[in-house]
A.B. asks: 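First the structure, which I've put down as structure tokens, then a few questions once you've had a look.
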There are 2 protein chains.
Amino acid sequence: MKKYFSVLRECALFCDIADEDLLRMLSCLGARVESFDKKYTIFAEGKPVRHIGIVLSGSAQAVQLDYYGNRSIVMGIGVGEVFGEAFACAEVPAIPVSIVANEPCEVMLIDCGHILHTCANHCSFHHQMIYNMMRDLAMKNLRFHHRVEITSKRSTRDKLLAYLLMFAKETGKDSFDIPFDRQELADFLEVDRSGLSAEIGKMKKEGLIECNKNHFVLL
Amino acid sequence: MKKYFSVLRECALFCDIADEDLLRMLSCLGARVESFDKKYTIFAEGKPVRHIGIVLSGSAQAVQLDYYGNRSIVMGIGVGEVFGEAFACAEVPAIPVSIVANEPCEVMLIDCGHILHTCANHCSFHHQMIYNMMRDLAMKNLRFHHRVEITSKRSTRDKLLAYLLMFAKETGKDSFDIPFDRQELADFLEVDRSGLSAEIGKMKKEGLIECNKNHFVLL
DNA sequence: AGAAATCGGTTGAATTTTCAACAAAAGGAG
DNA sequence: CTCCTTTTGTTGAAAATTCAACCGATTTCT
């Protein structure tokens, strides 16, 4: 487990928890690590989840498929980020999205009940973890607000610009790689891929942005 | 304060807290009640918030205004519901939405710090409240997932249907009043009002729904 | 290295949405 | 009750998105 400490230290769920406590905690929590191939569905839409996941390597996505097979990407999930916690904490009988491995990845799985409910050993870290979970959920909420800000824009261009500006603001740079390919970006922005490609082309010509594959520069 | 107990008992934040503790708690938390006129901005976009709000009567909305003045309604906030908690818990320097009174309303305001951090009196309820706050935030997360499911639809009709079906599923009825007028519904679904009116008209003619003002029936 | 699959850009046509403007209906104030 | 404001429905034109199809380029796999 120790090799994952560098990731876990950055994970919101383990904030303010000392290294020396971590190993004991993980054992008490029954944490286990699993590996998934690209495209593997880690949690399936419509099913309940009792576990939360922490991405240790690779990346995943929260994905929704509708009636007609249209995909929408609700959020990207990178190294150190948690997924499934909202569903596990709210104890929903059917989760509204699937969590899909975006590339080969390792995930730490923890039964959420073990986190939230004091165990027989009367471990002392539960309160801290509940507090951390609360902060994590508050941050997730913020991300949804940002997503609404982006997708509420009516035109493809405004959505893309809102997304890129948000990215620039978060990273503090105006040159960055986004974690999506074209189709994924379209499915995140809720627009048509070909229209998105066309719009990116126009914006390049107008000198608004530079773009090469998934590398963008704001001008 | 006692006259608000019937509301507070239903509030997710006070779940599993006994009536006899409530009064003492509210005093310790420094809870105060304020009244706001219709359209009053309770929390303003761009500012930080330290307080959470609980709607005691009336209703409010979380509203975002963009560049061009386009409004989008992020969520409706009814009696017994909490607002601002995500921003206060995440300690953001600038909140991304405004909270606006949708009609005359009474709101209980509580400094979030008083909830999350143990006070000098060593009150025992903080842990329970942090737990409740966590559950509340998890439920809010779910609502965002549902909102994404609705607004990710590409057409006005599909968005409206998704919204109505969601409403029917939550209330368990296929006949209900929605909490929005036409313009508000359009701003929630992220579509044009006139187009929405036209679409509702079509769907009535096709026998898909009945609709009278804000009362809808699914057929 | 070669074949297959994926990805990204382009195009034109069809469909929708948006926009602005107007009129009818409903609701409130005096 | 009447006037004024707000809300809702309608319309037509303009603009944008979607859709399907195609092709070249890149990547992946054997």
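So you know, we letter chains A, B, ... as the sequences are listed, proteins then strands, and number each from 1.
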A.B. asks: Can you check the A:R71 CZ to C:dT6 P distance for me, whole Å?
C.D. replies: 13 Å
A.B. asks: Taking only N and O in the side chain of B:S155, is any of them less than 4.0 Å away from OP1 or OP2 of C:dT16?
C.D. replies: no
A.B. asks: Rounded to whole Å, please give me the gap between CD in A:E190 and C1' in D:dT18.
C.D. replies: 14 Å
A.B. asks: Atom CD of B:E199 and atom P of C:dT18: how far apart are they, to the nearest Å?
C.D. replies: 11 Å
A.B. asks: How many Å lie between CG on A:D66 and P on D:dT18, as a whole number?
C.D. replies: 13 Å
A.B. asks: Would a distance-only check, ignoring hydrogens and angles, find a side-chain to backbone donor-acceptor pair under 3.5 Å from A:R135 to B:C89?
C.D. replies: yes
A.B. asks: Give the rounded distance in Å between these two atoms: CG of A:N70 and P of D:dT18.
C.D. replies: 10 Å
A.B. asks: Within the distance-only criterion (no hydrogens, no angle test), does the side chain of A:N214 pair as donor or acceptor with the backbone N or O of A:F180 below 3.5 angstrom?
C.D. replies: no
A.B. asks: Which whole-number value in Å describes the distance from B:K159 NZ to C:dT17 P?
C.D. replies: 9 Å
A.B. asks: Between A:E170 and A:F167 (side chain of the first, backbone of the second, donor and acceptor by atom type, cut-off under 3.5 Å), is there such a pair?
C.D. replies: no
A.B. asks: For nucleotides 7-9 of chain C, which of its nitrogen or oxygen atoms have a protein nitrogen or oxygen under 3.5 Å away, and what is each distance?
C.D. replies:
residue: C:dG8; atom: OP2; partner: A:R182; partner atom: N; Å: 3.1
residue: C:dG9; atom: OP2; partner: A:R182; partner atom: NE; Å: 2.7
residue: C:dG9; atom: OP2; partner: A:S197; partner atom: OG; Å: 3.2
residue: C:dG9; atom: N7; partner: A:R193; partner atom: NH1; Å: 3.0
residue: C:dG9; atom: O6; partner: A:R193; partner atom: NH2; Å: 3.0

A.B. asks: Enumerate the protein-to-nucleotides 23-25 of chain D contacts in which both atoms are nitrogen or oxygen and the separation is below 3.5 Å.
C.D. replies:
none

A.B. asks: Angle between ring planes, B:F144 versus A:F144, binned at 30° and 60°: parallel, tilted or perpendicular?
C.D. replies: parallel
A.B. asks: Quick check for you: to the nearest 0.5 Å, what is the distance between A:L219 atom CG and A:E206 atom CD?
C.D. replies: 12.0 Å
A.B. asks: Begin from the C-alpha positions of B:E199 and B:K159 and carry the test salt bridge (Lys or Arg N to Asp or Glu O under 4.0 Å) through to its verdict.
C.D. replies: CA-CA 11 Å; B:E199 198 61 45; B:K159 285 183 185 181; over 6 Å; no
A.B. asks: Please check if the side chain of A:R182 supplies one atom and the backbone of A:K213 the other of a donor-acceptor pair under 3.5 Å.
C.D. replies: yes
A.B. asks: To the nearest 10°, let me know how far the axis at one end of the helix from C:dG9-D:dC22 to C:dG30-D:dC1 is tilted from the axis at the other, five pairs an end.
C.D. replies: 50°
A.B. asks: So, A:N132 side chain and A:C15 main chain: donor-acceptor pair closer than 3.5 Å or not?
C.D. replies: yes
A.B. asks: Taking the six-membered ring for Trp, are the ring centroids of B:F83 and B:F43 within less than 6.0 Å of each other?
C.D. replies: yes
A.B. asks: Could you tell me how far apart A:D158 (CG) and D:dA16 (P) are, to the nearest whole angstrom?
C.D. replies: 11 Å
A.B. asks: How long is the straight-line distance from NZ of B:K153 back to CG of B:L160, given to the nearest 0.5 Å?
C.D. replies: 12.0 Å
A.B. asks: When you measure from the side chain of B:R71 to the backbone N and O of B:F188, does any donor-acceptor pair fall under 3.5 Å?
C.D. replies: no
A.B. asks: Whole angstroms only, please: what is the CG-C1' distance between B:D192 and C:dA20?
C.D. replies: 10 Å
